[in-house]
Amino acid sequence: MSTSAHTNLPPEIIEAILRLLPVKSLGRFKSVSKKWNTLISSPQFIKTHLHQTIKTTKLILISDTKSLYSLDLNTDDLSATGKQLCLGSPDSPPRRWEQILGSCNGLVLAIDEVDKIFITNPTTKEVWEVPRSPFALPDDESFVMYGFGYDSANVDYKIVSISFWDTDNEHNPDCTDMFVSVYGLLNNCWRKLDNSPYDHAVGHLTSGVLVNEKLHWLTSTRPGYASTICAFSLENEGFEEIELPDSIDKGKAVFNELVVVGEKLGLFGTPVGNDLWVMEEYGVGGSWTRVCIDGVEIDPVKPVCLVEGSDGDIVLGGEDEVVVYNIGESRCRNVVIEGGPSGFAVGATYFESLESPKCIIRTVLLSLHR
């Protein structure tokens with residue numbers, strides 16, 4: 001669109017057209033004029049664009065050299081194109097990433113090898129360093145799990161931390177408390193909450209799985225130590241229980257993994273025979289449905305996402321491999337990756353968006369000075 005053309009169109013028509021464009025095109029169009037830059041960078045436009053655009057799932061890989069790669073999956077010929085993500089300023093030294101802790105609305109929470117946490121936008125390359133929690137336990141004497149999501153009621157992105165002492169620590173060897181704190185991007189600070197009533201020290205040390213604006217962990221009850229799913233509400237900042245499938249061994253269920261399948265809560269792992277259980281109606285224990293996954297030769301393997309527009313295709317991630325499994329045909333096909341790392345693990349999924357941690361912080365600061 002030429003400069004003369006866009007000046008003859010009503011502003012509302014220009015905005016309606018821009019809302020339909022992909023993120024990378026909008027990034028280029030910011031340079032058309034100050035007015036367009038202001039419009040595309042405004043919180044209202046970002047939110048509207050987030051809800052109106054078609055979302056195509058991308059995978060994030062963590063290479064053996066601790067670099068991040070974005071993976072675009074082409075389901076027509078089962079190929080994928082990998083591209084290294086260079087986040088932050090081009091002048092800043094490259095970071096070595098340790099783990100992806102969660103993703104939401106195009107934002108990705110990641111931790112580097114020196115335990116610094118960042119909220120990043122892989123599409124816009126923006127990076128926001130999260131301040132260290134004043135409630136954090138010593139790194140070498142404790143364990144910590146994180147979760148990341150959006151609280152629409154309070155219009156805030158939140159990070160939840162659940163930490164506990166290593167039983168071999170010198171400070172509190174008998175302490176079994178599960179400490180909970182939450183970080184809000186709006187205020188850019190951490191708050192301490194009541195301790196978790198569950199035992200998170202049993203099972204895998206995993207990030208919270210985000211479904212329905214709640215973060216989910218497999219954990220054990222106290223007393224009794226029966227396996228259960230606990231859900232932390234980002235809005236109410238409290239825990240509740242989600243029923244496991246009836247046929248699951250409640251003593252071993254904590255050693256499975258929670259996943260997201262088509263925006264639904266899923267349960268997967270060796271103790272359930274590499275079958276996938278999907279909660280069709282959130283919060284209803286009787287709605288768990290079993291999906292048999294047979295003939296997958298890679299191990300370990302984990303469901304990553306559904307293939308959009310397919311008839312029962314699930315993307316599975318393993319060590320150095322990505323495969324597509326068709327449920328109806330019980331058929332597994334390897335994805336040929338071009339341009340990606342030779343050794344990697346699948347970190348998370350995300351989609352392109354304009355969401356900006358810095359914009360959110362800037363909006364809050366401006367409102368305080370009015």
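Side-chain contact check for D151 and Y157: no donor-acceptor pair (N or O, by modelled atom type) lies under 3.5 Å. In the model, Y350 has no side-chain atom that pairs as donor or acceptor with a side-chain atom of T57 under 3.5 Å.
The number of heavy-atom neighbours closer than 6.0 Å to NZ of K192, taken from other residues, nucleotides and ligands shown, is above 12. Taking a 6.0 Å sphere around CD of E263, one finds it holds 12 or fewer heavy atoms contributed by other residues, nucleotides or ligands. K125 NZ: more than 12 foreign heavy atoms inside a 6.0 Å radius.
For E319, the side chain to side chain donor-acceptor pair (under 3.5 Å) test picks out no residue, with sequence neighbours left out.
Under the 4.5 Å side-chain contact rule for hydrophobic residues, I162 and V182 share a cluster. Transitive grouping of hydrophobic side chains (ILVMFWY, heavy atoms separated by less than 4.5 Å) keeps Y225 and V254 in distinct clusters. Put simply, I337 and V304 are part of the same group of oily side chains (I, L, V, M, F, W, Y) that touch within less than 4.5 Å, one to the next. V32 and I40 end up in the same hydrophobic cluster when Ile, Leu, Val, Met, Phe, Trp and Tyr side chains are linked at under 4.5 Å. The cluster map of Ile, Leu, Val, Met, Phe, Trp and Tyr, joined by side-chain heavy atoms under 4.5 Å apart, puts L20 and F45 in different clusters.
Salt bridge E355/K47: present, at least one basic N to carboxylate O contact under 4.0 Å. A salt bridge links E352 with K58: the distance from a Lys NZ or Arg NE/NH1/NH2 to an Asp or Glu carboxylate oxygen falls below 4.0 Å. We find that K66 and D112 are not joined by a salt bridge, their nearest charged nitrogen and carboxylate oxygen being 4.0 Å or further apart. Between E237 and K158 there is a salt bridge, since a side-chain N of the basic residue sits under 4.0 Å from a carboxylate O of the acidic one.
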Would you please test S233 and E213 for side chain to side chain donor-acceptor pair (under 3.5 Å) and show each step? CA-CA 7 Å; S233 169; E213 298 193 10; over 6 Å; no
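Remark: N256 CG to W277 CH2 distance equals 11.0 Å, nearest 0.5 Å. Atom-to-atom distance recorded for K252:NZ and S227:OG is 11.0 Å, nearest 0.5 angstrom. Atom OG of S207 sits about 9.5 Å away from atom OH of Y146, to the nearest 0.5 Å. How far CD1 of I229 is from CE of M279: 6.5 Å, rounded to the nearest 0.5 Å. We find the NZ-CG distance between K264 and L306 to be 9.0 Å, quoted to the nearest 0.5 Å.
Between F164 and F143, the ring-plane angle classifies as tilted under the 30° and 60° cut-offs. Using bins of under 30°, 30° to 60° and over 60° for the plane-to-plane angle, the ring pair W217/F239 lands in the tilted bin. Between Y183 and W190, the ring planes are tilted. Angles from 30° to 60° get that label.
Residues N154 and E235 form a side-chain contact, since some pair of their non-hydrogen atoms from C-beta on lies under 4.5 Å apart.
In this structure, H200 has its ring center no closer than 6.0 Å to that of F179.
Judged as a ring-ring contact (aromatic ring centres under 6.0 Å, His included), not a single pair has a partner in residues 47-69 (not counting sequence neighbours).
Proximity of a side-chain donor or acceptor of D249 to a complementary backbone N or O of G251 within less than 3.5 Å is detected. The main-chain N or O of A231 is never found under 3.5 Å from a side-chain atom of H216 such that the two would form a donor-acceptor pair. Looking only at distances, a side-chain donor or acceptor of S92 sits under 3.5 Å from a matching main-chain atom of S89. Between the T48 side chain and the Q44 main chain, a donor and an acceptor come within less than 3.5 Å of each other. Judged by distance alone, with hydrogens and angles left aside, the side-chain atoms of S33 form a donor-acceptor pair with the main-chain N or O of W36 at under 3.5 Å. Side-chain N or O atoms of D320 include one that pairs as donor or acceptor with a backbone N or O of F344 at under 3.5 Å.
Minimum interatomic distance between P122 and I60 (heavy atoms only, all atoms of both residues): CG-CD1, 4.1 Å.
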